[in-house]
Amino acid sequence: MREVILKAVAAPPKILWGPFLPVLLNLGVQFPFMFMAIGVLDINPLIFIISICLVHTFIVGAGVKDPHISSMLQAYGQANKSSTNLYKQKGNKFAP
């Protein structure tokens with residue numbers, strides 16, 4: 001049982017050797033733009049494929065440097081909420 005937990009913590013999920021979330025964001029943003037540009041402007045898709053490969057290479061490099069970048073992005077999204085102060089004072093106060 002411990003091996004499964006340690007493996008999940010030590011080796012986060014990857015897609016094509018890159019961290020899970022950044023790779024999905026890259027493909028989720030660039031593929032729709034590629035198909036829209038092909039359909040509307042009749043642009044050669046090779047430009048977009050080269051762009052996808054270059055950005056993916058950068059993401060893989062960032063994933064090698066910090067393999068838990070997907071977890072950090074998820075934690076930042078959950079923790080990056082501003083609070084409202086009950087009383088007018090400087091800075092964020094979480095309790096009155």
Side-chain angles (χ1 to χ4, degrees):
M1 184 73 167
R2 289 181 57 115
E3 294 175 8
V4 175
I5 294 171
L6 292 176
K7 184 177 180 184
V9 172
K14 295 184 181 269
I15 297 178
L16 298 173
W17 306 283
F20 190 74
L21 272 180
V23 169
L24 283 182
L25 288 172
N26 176 35
L27 296 177
V29 168
Q30 289 203 28
F31 272 123
F33 280 123
M34 178 178 72
F35 290 128
M36 286 188 291
I38 291 170
V40 175
L41 303 174
D42 198 29
I43 293 178
N44 189 357
L46 187 61
I47 296 168
F48 289 98
I49 292 173
I50 291 171
S51 170
I52 290 170
C53 290
L54 287 175
V55 173
H56 185 75
T57 304
F58 173 74
I59 290 172
V60 168
V64 167
K65 185 176 178 184
D66 188 9
H68 296 283
I69 196 164
S70 293
S71 320
M72 290 172 32
L73 287 172
Q74 287 176 340
Y76 178 75
Q78 293 172 359
N80 190 24
K81 293 185 171 76
S82 61
S83 66
T84 55
N85 295 340
L86 295 176
Y87 304 106
K88 199 171 188 101
Q89 45 186 292
K90 210 175 200 180
N92 285 334
K93 306 296 181 200
F94 296 105

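No hydrogens, no waters, no symmetry mates; every other heavy atom, side chains included, goes into these values. Numbers here are sequence positions counted from 1.
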Side-chain polar contacts of residues 32-48 - donor-acceptor pairs under 3.5 angstrom, sequence neighbours left out - could you list them?
{"residue": "N44", "atom": "OD1", "partner": "L46", "partner atom": "N", "Å": "3.3"}

Donor-acceptor pairs under 3.5 angstrom involving side-chain atoms of residues 50-64: please list them, not counting sequence neighbours.
{"residue": "S51", "atom": "OG", "partner": "Q30", "partner atom": "OE1", "Å": "3.1"}
{"residue": "H56", "atom": "NE2", "partner": "L16", "partner atom": "O", "Å": "2.9"}
{"residue": "T57", "atom": "OG1", "partner": "C53", "partner atom": "O", "Å": "2.7"}

Positive for side chain to side chain contact (heavy atoms under 4.5 Å, CB included) with P19, one of P67, P12, S71, S70: S70
Of L25, I69, I15, the residue whose pairing with F20 passes side chain to side chain contact (heavy atoms under 4.5 Å, CB included): I15
